[in-house]
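Structure first, then comments.
Letters A, B, ... mirror the listed sequences (proteins, then strands); counts begin at 1. Just so we're clear, the structure is a prediction, and the values are computed from it rather than from any experiment.
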2 protein chains.
Amino acid sequence: MSTAELNADLTAKARIRQVALELFALNGADATSMRAISSRAGVTVGLITHHFGTKAGLIQAVEDDIIDGIQRAIAYKPSDANVDGVVRALDQRLMDHVDENPLVVAYLRRMMLIETNGEGTDITERFTRMALDQIEDLRSRGIASTSREAEDQVMQVMLVQLGQVLLQPFLQHIAGHLDRDPEQYRLSLRKTKN
Amino acid sequence: MSTAELNADLTAKARIRQVALELFALNGADATSMRAISSRAGVTVGLITHHFGTKAGLIQAVEDDIIDGIQRAIAYKPSDANVDGVVRALDQRLMDHVDENPLVVAYLRRMMLIETNGEGTDITERFTRMALDQIEDLRSRGIASTSREAEDQVMQVMLVQLGQVLLQPFLQHIAGHLDRDPEQYRLSLRKTKN
DNA sequence: CGGTATATTGTACAACCATATAGTCCACGT
DNA sequence: ACGTGGACTATATGGTTGTACAATATACCG
């Protein structure tokens, strides 16, 4: 069953955005034609341009959607205040969101690792700024550890957590070839002080 | 000065392969037209098809060249026998080769992290097998440590060394945004034993 | 010298692309 | 009842792509 059929209840605009994310994540935006999107979404090409103007506009809309989703996922929730390690709770909710949205991850992998200077707004920059804002917000509420610099905490999240997620297919691929259990291997970050 | 001018002494066939690697590494093979290659190499499109048949043939030739280069770089050299840590010497030569061939790295990054099931032969598989063969060759000569399993040594090389190289632009990008020194951060591998 | 393989060119073509535009249908407010 | 605007379709256009192919130049070998 196709994605379009599964989501026939969504509005055409939302269906287009969803199919676009799916194809962008799988094959990249450049390699995805508006024809492919339209046929999978069960609409005509013209409707895409009607709703999003140009292909660049569609890409922008998809990325805004991704950022919004993450923003919502890591927003401060009062329940977090109870947990002793607040940053850990933040990380956990980010990882949960990531687990639930594999297409988002595939898209981010492409944009963050390869097309670092893509056409749209730099999504790595938006992500980094979002993480930094979040950490600083938690600090201003007095509920995040200040034993380390905020920037180092962000580096930790971006490189170890996100890095592990982004490298996951690579790791699994190699582990599969060597008959190793990919779960056994975890990245960590060493900071050389000088 | 363009690549074609810099290498005007090479045969046209070699020039085509070199320009192709350059453009493939920068923009990906799909996004690179044979016309772009031909104009940069100072030849016509027809000559490319004459030498390599199809675009897929050109990609294959480029990848074979990359693998050959790495194969040569990590081939056993008697001088390695003197060094106490042989695996370390192997790693070092791989890293040197990587430093000297940034275009190869960019191409590998694309193929290993994103297009894991690309059109050509799986380059991650070729790389992994090559590393494993190399380790086992060194072991059969009795000049590589056998305190760890060979497969774990390969995982170490692939994930930590190569992983660091593949993630480098990502790391630099983030570090730049946070006014951090990217050199301070190093990945390492934890193996959970269970 | 002659001839044959190889290197190289120029062009043509069918498929596909993003985009623009004109037109149809329908819901909804007044 | 009407007309206005948004959702949607159909079609046309100009450009780019990979590939095929015939023609020409160049080098090499007997």
Table please: side-chain donor-acceptor pairs of residues 96-105 of chain A below 3.5 Å, with sequence neighbours left out.
| unit_1 | atom_1 | unit_2 | atom_2 | d |
| --- | --- | --- | --- | --- |
| A/Asp96 | OD1 | A/Gln92 | NE2 | 3.0 |

*Sequence-aligned protein contact record of nucleotides 20-29 of chain C, with B where the base is within under 4.0 Å of a protein heavy atom and S where only the sugar-phosphate is*: ----------
*Ion pair A/Asp137/A/Arg141, N-O distance below 4.0 Å*: yes
*asked:* Tell me the interatomic distance from B/Ile48, atom CD1, to C/dG10, atom P, rounded to whole angstroms.
replied: 14 Å
*Where the side chain of B/Thr44 is concerned, which of D/dT19, D/dC8, C/dT8 is the nearest nucleotide?*
C/dT8
*Is the closest basic N to carboxylate O distance between B/Glu183 and B/Arg186 below 4.0 Å?*
yes
*Of the candidate nucleotides C/dA18, D/dC8, C/dT8, which contains the atom at the shortest distance from the side chain of A/Lys55?*
C/dA18
*Round to a whole Å and report the spacing from NE2 of B/His50 to P of D/dA22.*
14 Å
*Any idea which of C/dC17, C/dT9, D/dA7 is nearest the A/Ser33 side chain?*
C/dC17
*Send over the distance from A/Phe52 CZ to D/dC8 C1', rounded to a whole Å.*
14 Å
*Out of D/dT9, D/dG18, C/dT19, which nucleotide sits closest to the side chain of A/Met34?*
C/dT19
_I'd like to check A/Asp65 versus A/Gln18 (side-chain heavy atoms, cut-off strictly below 4.5 Å). Are they in contact?_
no
*Using a distance-only test with no angle check, is there a side-chain donor-acceptor pair under 3.5 angstrom linking A/Thr44 and A/Ser38?*
no
*So, B/Tyr76 versus B/Gln134: side-chain donor-acceptor pair below 3.5 Å or not?*
no
*Which whole-number value in Å describes the distance from B/Lys13 NZ to D/dA27 P?*
18 Å
*asked:* At less than 4.0 Å, is any side-chain N or O atom of A/His51 found next to OP1 or OP2 of D/dG6? Yes or no.
replied: no
*Would you mind reading off the distance between B/Leu47 atom CG and D/dT24 atom P, rounded to a whole angstrom?*
18 Å
*Salt-bridge test for B/Arg126 and B/Asp64: reply yes if a basic N is under 4.0 Å from a carboxylate O, no otherwise.*
yes
*Distance in angstrom units between A/Ile16 CD1 and D/dA7 P, rounded*: 11 Å
*Side chain of B/Arg35 (C-beta onward), nearest among C/dA18, C/dT8, C/dA12*: C/dA12
*asked:* Distance check needed: D/dT19 P versus B/Leu58 CG, whole Å only.
replied: 10 Å
*Would you kindly give the CG-to-C1' distance between B/Asp30 and D/dT16, to the nearest whole Å?*
15 Å
*Identify whether any heavy atom of B/Ser38 sits under 4.0 Å from a base atom; if not, whether one sits that close to sugar-phosphate; answer base, sugar-phosphate or nothing.*
nothing
